[in-house]
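Okay, structure first, notes after.
What you see is a predicted model, and the numbers here were worked out from it, not measured in a lab. When reading the values below, keep in mind they use all heavy atoms of this one structure, side chains included, and skip hydrogens, waters and symmetry mates.
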Amino acid sequence: MKRISAPLQKDQIKDLKPGEEVLLAGTVYTARDQAHKRMALALEKKEALPLELDGQVIFYCGPTPPGERVIGSCGPTTSSRMDPFTPAILRAGVKGLIGKGKRSPEVARAIKEKGAVYFIAPGGAGAYLSERVRQSRVVAFEGLGTEAIYMLEVEDFPLVVGIDSQGRDIYAKEEGEQ
């Protein structure tokens with residue numbers, strides 16, 4: 001199992017392959033549907049974003065309020081809901097995406113074009129994943145509540161490569177398309 005750190009560098013992700021397990025450490029940002037809509041609109045209008053996206057990792061997650069830990073449950077949401085916004089987010093510099101489920105062919109092409117990577121987080125394991133979060137704070141769109149953008153510092157965050165930087169897709173591989 002490889003260990004990688006975020007923000008991501010090309011050298012860290014260029015040799016990853018679909019199905020490969022990794023442990024991520026460093027900074028990731030949560031963003032769900034509403035945060036994506038706002039960021040995509042800002043990019044379309046050429047307005048400044050509330051955070052620098054170059055090399056960053058976006059986690060499709062809306063964490064629950066903290067209990068005994070620094071963050072509540074933080075499982076991945078269905079990635080395909082962010083597909084309409086993902087190519088623009090990748091063009092803005094994002095190098096890693098975390099969610100669950102298949103992506104559209106357009107997203108797979110955009111991942112390849114930008115040399116990024118799509119990671120799959122284990123679904124239904126939000127409480128387990130929250131144990132891997134060391135710090136959490138809201139950094140943008142606080143009014144969106146759980147859909148605000150949170151900065152998370154993670155350690156040994158378990159992921160599986162879903163689409164590698166060459167555009168190879170674990171789901172297509174399973175369906176015999178690659």
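With T78 contributing its side chain and R81 its backbone, the two residues share no donor-acceptor pair below 3.5 Å. Side-chain N or O atoms of K95 include one that pairs as donor or acceptor with a backbone N or O of K114 at under 3.5 Å. Panel note: side chain D169, backbone I163; no donor-acceptor pair is recorded below 3.5 Å.
Under the 4.5 Å side-chain heavy-atom criterion for grouping Ile, Leu, Val, Met, Phe, Trp and Tyr, L41 is not connected to L53 through any hydrophobic cluster. By the criterion of side-chain heavy atoms lying less than 4.5 angstrom apart, applied directly or through intervening Ile, Leu, Val, Met, Phe, Trp or Tyr residues, M82 is grouped together with V94 in one hydrophobic cluster. Criterion: ILVMFWY side-chain heavy atoms under 4.5 Å apart, direct or through other members. Under it, V139 and V28 are not part of a common hydrophobic cluster. Criterion: ILVMFWY side-chain heavy atoms under 4.5 Å apart, direct or through other members. Under it, V107 and I13 are not part of a common hydrophobic cluster. Transitive grouping of hydrophobic side chains (ILVMFWY, heavy atoms separated by less than 4.5 Å) keeps F119 and L97 in distinct clusters.
The CE atom of M1 sits 9.5 Å away from the CG atom of L159 when rounded to the nearest 0.5 Å. Atom-to-atom distance recorded for M151:CE and S136:OG is 7.5 Å, nearest 0.5 angstrom. In this structure, the separation between CD on E131 and CD1 on I71 is 12.5 Å, given to the nearest 0.5 Å. The NZ atom of K112 lies 10.0 Å from the OG atom of S165; values are rounded to the nearest 0.5 Å. Here the CZ atom belonging to R69 is positioned 9.5 Å from the OG1 atom belonging to T64, to the nearest 0.5 angstrom.
For the pair I58/I98, no side-chain contact is recorded, criterion being any heavy-atom separation below 4.5 Å from C-beta on. Annotation: side chain of P122 is in contact with side chain of L129 (closest heavy-atom distance under 4.5 Å). Annotation: side chain of V133 is not in contact with side chain of E153 (no heavy-atom distance under 4.5 Å). The shortest distance between side-chain heavy atoms of S73 and S130 does not fall below 4.5 Å. With a 4.5 Å cut-off on side-chain heavy atoms, I89 and M39 count as touching. With a 4.5 Å cut-off on side-chain heavy atoms, F141 and R38 count as touching. Side chains of Q135 and V154 form no contact here, defined as non-hydrogen atoms less than 4.5 Å apart. Residues R137 and Y150 fail the side-chain proximity criterion, which asks for heavy atoms closer than 4.5 Å.
A side-chain contact (heavy atoms from CB on, under 4.5 Å) with P158 holds for exactly one of L23, L24, V22; it is L23. For the side-chain contact (heavy atoms from CB on, under 4.5 Å) test with L152, the passing option among Y29, F157, F59 is F59; the others fail.
Residue T146 comes nearest to P63 through the heavy atom pair CG2-O, 3.4 Å, listed as atom of the first residue, atom of the second, then distance. When all heavy atoms of P18 and R168 are compared, the pair lying nearest together is CG-O, 3.3 Å. Here the closest non-hydrogen pair linking T27 and Q56 is O-OE1, 4.2 Å. Between L144 and A148 the shortest heavy-atom distance is CB-N, 3.6 Å. Between L43 and A88 the shortest heavy-atom distance is CD1-O, 3.7 Å. Closest approach of A48 to A42, counting heavy atoms only: O-CB, 4.3 Å.
For the pair D164 and K17, the salt-bridge criterion is not met [side-chain N within less than 4.0 Å of a carboxylate O]. Comment: E155 does not engage R132 in a salt bridge, judged by the lack of any side-chain N to carboxylate O separation of less than 4.0 angstrom. Salt bridge present: R109 and E106 bring a charged side-chain N and a carboxylate O closer than 4.0 Å.
Geometrically, R103 does not engage Y171 in a cation-pi contact, judged by NZ or CZ lying under 6.0 Å from the ring centre and within 45° of the ring axis.
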Please assess V117 against V57 for the test side-chain contact (heavy atoms from CB on, under 4.5 Å), listing each intermediate value before the final yes or no.
CA-CA 9 Å; V117 62; V57 177; over 6 Å; no

Derivation and outcome, side-chain contact (heavy atoms from CB on, under 4.5 Å), residues I111 and L90:
CA-CA 7 Å; I111 288 170; L90 290 168; 3.8 Å; yes

Which is it for I170 and I120 under the side-chain contact (heavy atoms from CB on, under 4.5 Å) test, yes or no, and what are the steps along the way?
CA-CA 10 Å; I170 190 172; I120 301 166; 3.8 Å; yes

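With sequence neighbours excluded, the residues forming a side-chain contact (heavy atoms from CB on, under 4.5 Å) with Q12 are I4, S5, L8, Q9, listed by chain and number.
Applying the ring pair (Phe, Tyr, Trp, His ring centres under 6.0 Å) test to residues at least two apart or on different chains, the pairs with a partner in residues 32-56 are H36-Y60.
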